[in-house]
Amino acid sequence: MGQERMRMVEGLKISGVDAILDAINGGRAVTRILVLREARSDGLRRLLAEASSRNLKVIEGSANDLRRMANMPFTSDPPEALGLLHRNPSARIDDIMESGELVWLLAGAQYPVNIGFAIRTIEVSGGSAVLVDADLNSDGRKASSRASMKADRFIPVKWISWREASNLARANNYRIIGIEDSGDVEPWDIDLTGRCMLVIGGERHGISPELLQQCDSVVKIPMQGFVPSYNLQAPLAVVAAEALRQRRKNV
(Lines give C-alpha, C1' and ligand atoms only; values in the text may rest on other atoms or scores of the structure.)
Protein backbone atom coordinates (compact mmCIF):
# COMPACT_ATOMS: atom_id res chain seq x y z
CA MET A 1 0.00 0.00 0.00
CA GLY A 2 1.37 3.40 -0.96
CA GLN A 3 2.31 5.95 1.67
CA GLU A 4 0.99 9.01 -0.15
CA ARG A 5 0.36 11.93 2.12
CA MET A 6 -3.33 11.77 3.07
CA ARG A 7 -5.70 14.57 3.83
CA MET A 8 -6.36 15.84 7.32
CA VAL A 9 -9.60 14.35 8.61
CA GLU A 10 -11.86 16.97 10.13
CA GLY A 11 -11.78 17.32 13.91
CA LEU A 12 -9.63 15.17 16.18
CA LYS A 13 -8.21 12.74 13.59
CA ILE A 14 -5.23 12.80 11.29
CA SER A 15 -4.98 10.14 8.60
CA GLY A 16 -1.97 8.41 7.06
CA VAL A 17 1.49 7.41 8.27
CA ASP A 18 3.33 10.40 6.77
CA ALA A 19 0.81 12.92 8.09
CA ILE A 20 1.02 11.45 11.59
CA LEU A 21 4.83 11.49 11.55
CA ASP A 22 4.77 15.10 10.37
CA ALA A 23 2.39 15.98 13.20
CA ILE A 24 4.52 14.26 15.84
CA ASN A 25 7.76 15.80 14.60
CA GLY A 26 6.05 19.18 14.33
CA GLY A 27 5.13 19.12 18.00
CA ARG A 28 1.42 18.57 17.56
CA ALA A 29 -0.40 16.73 20.35
CA VAL A 30 -0.84 13.23 18.92
CA THR A 31 -2.11 11.21 21.88
CA ARG A 32 -3.00 7.79 20.44
CA ILE A 33 -2.47 5.89 17.20
CA LEU A 34 -4.72 3.29 15.57
CA VAL A 35 -2.88 1.10 13.05
CA LEU A 36 -4.03 -1.40 10.46
CA ARG A 37 -3.44 -4.85 11.94
CA GLU A 38 -2.03 -6.48 8.81
CA ALA A 39 0.08 -3.54 7.60
CA ARG A 40 3.84 -4.10 7.32
CA SER A 41 5.22 -1.13 5.37
CA ASP A 42 8.53 0.58 6.10
CA GLY A 43 6.64 3.79 6.82
CA LEU A 44 4.52 2.10 9.45
CA ARG A 45 7.62 0.60 11.06
CA ARG A 46 9.08 4.10 11.31
CA LEU A 47 5.85 5.36 12.87
CA LEU A 48 5.76 2.52 15.40
CA ALA A 49 9.37 3.16 16.37
CA GLU A 50 8.65 6.87 16.83
CA ALA A 51 5.54 6.08 18.88
CA SER A 52 7.53 3.71 21.09
CA SER A 53 10.23 6.31 21.69
CA ARG A 54 7.58 8.81 22.80
CA ASN A 55 5.47 6.34 24.83
CA LEU A 56 2.45 6.87 22.56
CA LYS A 57 -0.16 4.15 22.91
CA VAL A 58 -0.78 2.18 19.71
CA ILE A 59 -3.97 0.18 19.09
CA GLU A 60 -4.43 -2.32 16.27
CA GLY A 61 -7.61 -2.34 14.21
CA SER A 62 -9.11 -4.17 11.25
CA ALA A 63 -9.40 -2.76 7.76
CA ASN A 64 -13.08 -2.10 8.46
CA ASP A 65 -12.17 -0.22 11.67
CA LEU A 66 -9.76 2.03 9.80
CA ARG A 67 -12.17 2.66 6.91
CA ARG A 68 -15.05 3.47 9.22
CA MET A 69 -13.04 5.78 11.44
CA ALA A 70 -11.54 7.56 8.43
CA ASN A 71 -15.03 8.03 6.92
CA MET A 72 -14.06 6.10 3.79
CA PRO A 73 -16.23 3.93 1.50
CA PHE A 74 -16.14 0.20 2.15
CA THR A 75 -14.54 -0.39 -1.26
CA SER A 76 -11.59 1.94 -0.59
CA ASP A 77 -8.20 0.86 0.71
CA PRO A 78 -7.97 1.92 4.35
CA PRO A 79 -5.17 4.14 5.65
CA GLU A 80 -2.43 2.30 7.51
CA ALA A 81 -2.83 4.53 10.53
CA LEU A 82 -5.03 7.16 12.16
CA GLY A 83 -3.81 9.52 14.85
CA LEU A 84 -5.88 11.02 17.66
CA LEU A 85 -5.11 14.70 18.24
CA HIS A 86 -5.29 16.70 21.47
CA ARG A 87 -7.74 14.55 23.46
CA ASN A 88 -5.88 12.20 25.81
CA PRO A 89 -7.95 9.15 26.81
CA SER A 90 -5.60 8.53 29.75
CA ALA A 91 -5.79 12.07 31.13
CA ARG A 92 -6.29 12.60 34.84
CA ILE A 93 -9.60 14.12 35.80
CA ASP A 94 -7.94 17.24 37.23
CA ASP A 95 -6.19 17.83 33.91
CA ILE A 96 -9.45 17.29 32.02
CA MET A 97 -11.25 19.91 34.09
CA GLU A 98 -8.39 22.39 33.90
CA SER A 99 -8.45 22.19 30.09
CA GLY A 100 -11.79 24.00 29.97
CA GLU A 101 -13.21 21.79 27.21
CA LEU A 102 -16.72 20.35 26.95
CA VAL A 103 -17.42 17.68 29.58
CA TRP A 104 -20.49 15.45 29.90
CA LEU A 105 -21.89 13.97 33.11
CA LEU A 106 -24.17 10.91 32.97
CA ALA A 107 -25.85 11.01 36.36
CA GLY A 108 -27.87 7.94 37.28
CA ALA A 109 -28.09 6.03 34.01
CA GLN A 110 -28.67 2.36 34.83
CA TYR A 111 -28.32 0.39 31.62
CA PRO A 112 -24.89 -0.41 30.14
CA VAL A 113 -26.19 -0.20 26.57
CA ASN A 114 -27.50 3.34 27.12
CA ILE A 115 -24.25 4.39 28.76
CA GLY A 116 -22.27 2.88 25.90
CA PHE A 117 -24.38 4.64 23.27
CA ALA A 118 -23.94 7.89 25.19
CA ILE A 119 -20.15 7.51 25.30
CA ARG A 120 -20.06 6.88 21.56
CA THR A 121 -22.26 9.91 20.80
CA ILE A 122 -20.16 12.18 23.01
CA GLU A 123 -16.93 10.95 21.42
CA VAL A 124 -18.25 11.39 17.88
CA SER A 125 -19.51 14.91 18.63
CA GLY A 126 -16.15 16.08 19.96
CA GLY A 127 -16.70 16.07 23.72
CA SER A 128 -13.53 16.07 25.78
CA ALA A 129 -14.56 13.59 28.48
CA VAL A 130 -17.43 11.55 29.92
CA LEU A 131 -18.03 11.43 33.66
CA VAL A 132 -20.31 8.59 34.73
CA ASP A 133 -22.20 8.26 38.01
CA ALA A 134 -23.68 4.76 37.69
CA ASP A 135 -23.80 1.73 39.94
CA LEU A 136 -22.21 -0.77 37.55
CA ASN A 137 -19.86 -3.62 38.38
CA SER A 138 -16.89 -4.52 36.19
CA ASP A 139 -19.07 -6.64 33.89
CA GLY A 140 -21.50 -3.76 33.44
CA ARG A 141 -18.67 -1.37 32.61
CA LYS A 142 -17.29 -3.83 30.06
CA ALA A 143 -20.76 -4.11 28.53
CA SER A 144 -20.98 -0.32 28.24
CA SER A 145 -17.59 -0.30 26.50
CA ARG A 146 -18.80 -2.89 23.99
CA ALA A 147 -22.00 -0.92 23.38
CA SER A 148 -19.90 2.19 22.69
CA MET A 149 -18.04 0.22 19.97
CA LYS A 150 -15.04 0.74 22.25
CA ALA A 151 -15.18 4.51 21.78
CA ASP A 152 -13.76 4.70 25.30
CA ARG A 153 -10.36 3.94 23.70
CA PHE A 154 -10.41 7.47 22.31
CA ILE A 155 -12.05 9.58 25.02
CA PRO A 156 -11.52 9.73 28.80
CA VAL A 157 -14.31 7.99 30.71
CA LYS A 158 -14.23 8.55 34.47
CA TRP A 159 -16.53 6.79 36.92
CA ILE A 160 -17.21 9.24 39.75
CA SER A 161 -20.13 10.52 41.81
CA TRP A 162 -22.16 13.45 40.53
CA ARG A 163 -21.27 15.38 43.69
CA GLU A 164 -17.57 15.07 42.95
CA ALA A 165 -18.21 16.05 39.34
CA SER A 166 -20.24 19.08 40.41
CA ASN A 167 -17.55 20.19 42.86
CA LEU A 168 -14.88 19.87 40.16
CA ALA A 169 -17.02 21.90 37.78
CA ARG A 170 -17.44 24.70 40.31
CA ALA A 171 -13.75 24.69 41.22
CA ASN A 172 -12.85 25.09 37.54
CA ASN A 173 -15.47 27.73 36.67
CA TYR A 174 -17.67 25.51 34.54
CA ARG A 175 -21.30 26.26 33.85
CA ILE A 176 -23.44 23.23 34.70
CA ILE A 177 -26.22 22.76 32.16
CA GLY A 178 -28.85 20.09 32.73
CA ILE A 179 -30.92 18.40 30.01
CA GLU A 180 -34.37 17.72 31.42
CA ASP A 181 -38.07 17.88 30.55
CA SER A 182 -38.49 20.63 33.16
CA GLY A 183 -36.09 22.95 31.32
CA ASP A 184 -37.07 26.41 30.17
CA VAL A 185 -34.68 27.00 27.26
CA GLU A 186 -34.05 25.11 24.02
CA PRO A 187 -30.49 24.04 23.16
CA TRP A 188 -30.12 26.44 20.20
CA ASP A 189 -31.06 29.36 22.48
CA ILE A 190 -28.27 28.83 25.02
CA ASP A 191 -24.50 29.23 24.80
CA LEU A 192 -22.91 25.76 24.75
CA THR A 193 -19.37 27.02 24.16
CA GLY A 194 -16.66 27.64 26.73
CA ARG A 195 -16.45 25.81 30.02
CA CYS A 196 -19.58 23.66 30.08
CA MET A 197 -20.55 20.49 31.89
CA LEU A 198 -23.64 19.02 30.22
CA VAL A 199 -25.68 16.75 32.47
CA ILE A 200 -28.12 14.03 31.51
CA GLY A 201 -29.95 11.96 34.10
CA GLY A 202 -31.11 8.39 34.45
CA GLU A 203 -33.63 6.54 32.31
CA ARG A 204 -36.45 6.50 34.85
CA HIS A 205 -36.17 9.60 36.99
CA GLY A 206 -33.99 11.99 35.01
CA ILE A 207 -31.70 14.36 36.90
CA SER A 208 -32.16 14.22 40.66
CA PRO A 209 -33.71 17.31 42.32
CA GLU A 210 -30.51 17.86 44.31
CA LEU A 211 -28.37 17.90 41.17
CA LEU A 212 -30.88 20.08 39.32
CA GLN A 213 -30.37 22.70 42.01
CA GLN A 214 -26.68 22.77 41.09
CA CYS A 215 -27.44 23.52 37.43
CA ASP A 216 -26.99 27.06 36.13
CA SER A 217 -29.44 26.37 33.29
CA VAL A 218 -31.76 23.54 32.30
CA VAL A 219 -32.31 22.74 28.64
CA LYS A 220 -35.49 21.18 27.28
CA ILE A 221 -35.76 19.38 23.95
CA PRO A 222 -38.99 20.34 22.16
CA MET A 223 -41.68 17.64 22.01
CA GLN A 224 -44.90 17.53 20.05
CA GLY A 225 -45.99 13.89 20.12
CA PHE A 226 -48.31 12.00 22.43
CA VAL A 227 -45.67 10.00 24.33
CA PRO A 228 -44.44 12.21 27.21
CA SER A 229 -40.65 11.94 26.85
CA TYR A 230 -37.72 10.87 24.70
CA ASN A 231 -35.38 7.97 25.33
CA LEU A 232 -32.17 9.08 27.03
CA GLN A 233 -30.24 8.90 23.77
CA ALA A 234 -32.36 11.36 21.79
CA PRO A 235 -31.91 14.52 23.92
CA LEU A 236 -28.23 13.73 24.41
CA ALA A 237 -27.72 13.47 20.64
CA VAL A 238 -29.65 16.70 19.95
CA VAL A 239 -27.63 18.72 22.47
CA ALA A 240 -24.34 17.08 21.43
CA ALA A 241 -24.91 18.06 17.80
CA GLU A 242 -25.89 21.62 18.75
CA ALA A 243 -22.84 21.98 21.00
CA LEU A 244 -20.64 20.78 18.14
CA ARG A 245 -22.28 23.26 15.74
CA GLN A 246 -21.72 26.17 18.09
CA ARG A 247 -18.13 25.24 18.87
CA ARG A 248 -17.19 24.77 15.21
CA LYS A 249 -18.77 28.11 14.41
CA ASN A 250 -16.61 29.81 17.05
CA VAL A 251 -13.31 28.31 15.87
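These figures come from a predicted structure and were not determined experimentally.
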K.L.:
Check whether any side-chain N or O of Thr31 sits under 3.5 Å from a backbone N or O of His86 as a donor-acceptor pair, and report yes or no.
P.N.:
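No, the answer is negative, given that no donor and acceptor are paired below the 3.5 Å cut-off.
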K.L.:
Might you point out which heavy atoms bring Pro235 and Ile221 nearest each other, and give the distance in Å?
P.N.:
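Scanning both residues completely, I find the closest heavy atoms to be CB-CG1, 3.5 Å.
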K.L.:
Stepwise, does the side chain to side chain contact (heavy atoms under 4.5 Å, CB included) test hold for Asp152 with Val130?
P.N.:
CA-CA 9 Å; Asp152 53 352; Val130 188; over 6 Å; no
K.L.:
Does the side chain of Leu84 reach to within under 4.5 Å of the side chain of Met69, using non-hydrogen atoms?
P.N.:
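Side-chain contact under 4.5 Å: no.
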K.L.:
When rounded to the nearest 0.5 angstrom, what is the spacing between OG in Ser166 and CD1 in Ile176?
P.N.:
3.5 Å
K.L.:
Which value, rounded to the nearest 0.5 Å, describes the distance between Ile119 atom CD1 and Ser144 atom OG?
P.N.:
4.5 Å
K.L.:
Would you say Glu123 and Ser148 are linked by a side-chain donor-acceptor pair, where the criterion is simply a distance under 3.5 Å?
P.N.:
no
K.L.:
Using the rule side chain to side chain contact (heavy atoms under 4.5 Å, CB included), only one of Leu236, Ile207, Ile122 pairs with Ile200; which is it?
P.N.:
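That would be Leu236; it is the only one of Leu236, Ile207, Ile122 passing the side chain to side chain contact (heavy atoms under 4.5 Å, CB included) with Ile200.
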K.L.:
Examine distances only and state if a side-chain atom of Asn172 and a backbone atom of Tyr174 form a donor-acceptor pair shorter than 3.5 Å.
P.N.:
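Pair absent, no side-chain N/O of Asn172 close to backbone of Tyr174.
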K.L.:
Verify the distance criterion only: is there a donor paired with an acceptor across the side chains of Gln214 and Glu210 at less than 3.5 Å?
P.N.:
no
K.L.:
Supply the atom-to-atom distance Thr193 OG1 to Arg245 CZ, rounded to the nearest 0.5 angstrom.
P.N.:
10.5 Å
K.L.:
For the atom pair CG (Leu34) and OG (Ser15), what is the distance rounded to the nearest 0.5 Å?
P.N.:
10.5 Å
K.L.:
Measuring from Cys196:SG to Trp104:CH2, what's the distance to the nearest 0.5 Å?
P.N.:
10.0 Å
K.L.:
Using modelled atom types and a 3.5 Å cut-off, is there a donor and acceptor pairing between side-chain atoms of Ser52 and backbone atoms of Leu48?
P.N.:
no
K.L.:
Any ion pair linking Asp65 and Lys150 (charged N to carboxylate O, less than 4.0 Å)?
P.N.:
no
K.L.:
Report the distance from atom CG of Leu12 to atom CZ of Arg87, rounding to the nearest 0.5 Å.
P.N.:
4.5 Å
K.L.:
State, yes or no, whether a side-chain contact exists between Met197 and Ile177 at a heavy-atom distance under 4.5 Å.
P.N.:
no
K.L.:
Might you work through the side chain to side chain contact (heavy atoms under 4.5 Å, CB included) test for Ile115 and Val113, ending with a clear yes or no?
P.N.:
CA-CA 5 Å; Ile115 293 171; Val113 169; over 6 Å; no
K.L.:
Do Val103 and Ile96 have side chains that get closer than 4.5 Å, going by heavy atoms?
P.N.:
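The answer is yes; the side chains approach within 4.5 Å.
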K.L.:
Would you call Glu50 and Arg54 a salt bridge, taking side-chain N to carboxylate O under 4.0 Å as the test?
P.N.:
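Salt bridge present between Glu50 and Arg54.
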K.L.:
Do Leu36 and Pro78 come close enough that some side-chain heavy atom pair is under 4.5 Å?
P.N.:
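They are in side-chain contact.
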K.L.:
Between Ser128 and Leu102, is there a donor-acceptor pair closer than 3.5 Å when you use the side chain of the first and the backbone of the second?
P.N.:
yes
K.L.:
If we count only N and O atoms by modelled type, under 3.5 Å, do the side chains of Ser90 and Arg32 hold a donor and an acceptor together?
P.N.:
yes
K.L.:
Taking Ala134's backbone N and O only, do any of them form a donor-acceptor pair with Gln110's side chain (distance below 3.5 Å, no angle check)?
P.N.:
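Answer holds: no.
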K.L.:
Enumerate the salt bridge (charged side-chain N to carboxylate O under 4.0 Å, His left out) contacts for residues 132-144, please, sequence neighbours excluded, ordered by first and then second residue.
P.N.:
none
K.L.:
Only pairs at least two apart or in different chains count here, so list each salt bridge (charged side-chain N to carboxylate O under 4.0 Å, His left out) that has a residue in residues 94-121.
P.N.:
Arg92-Asp94, Arg92-Asp95
K.L.:
Do Arg67 and Asn64 have side-chain atoms, one donor and one acceptor, less than 3.5 Å apart?
P.N.:
yes
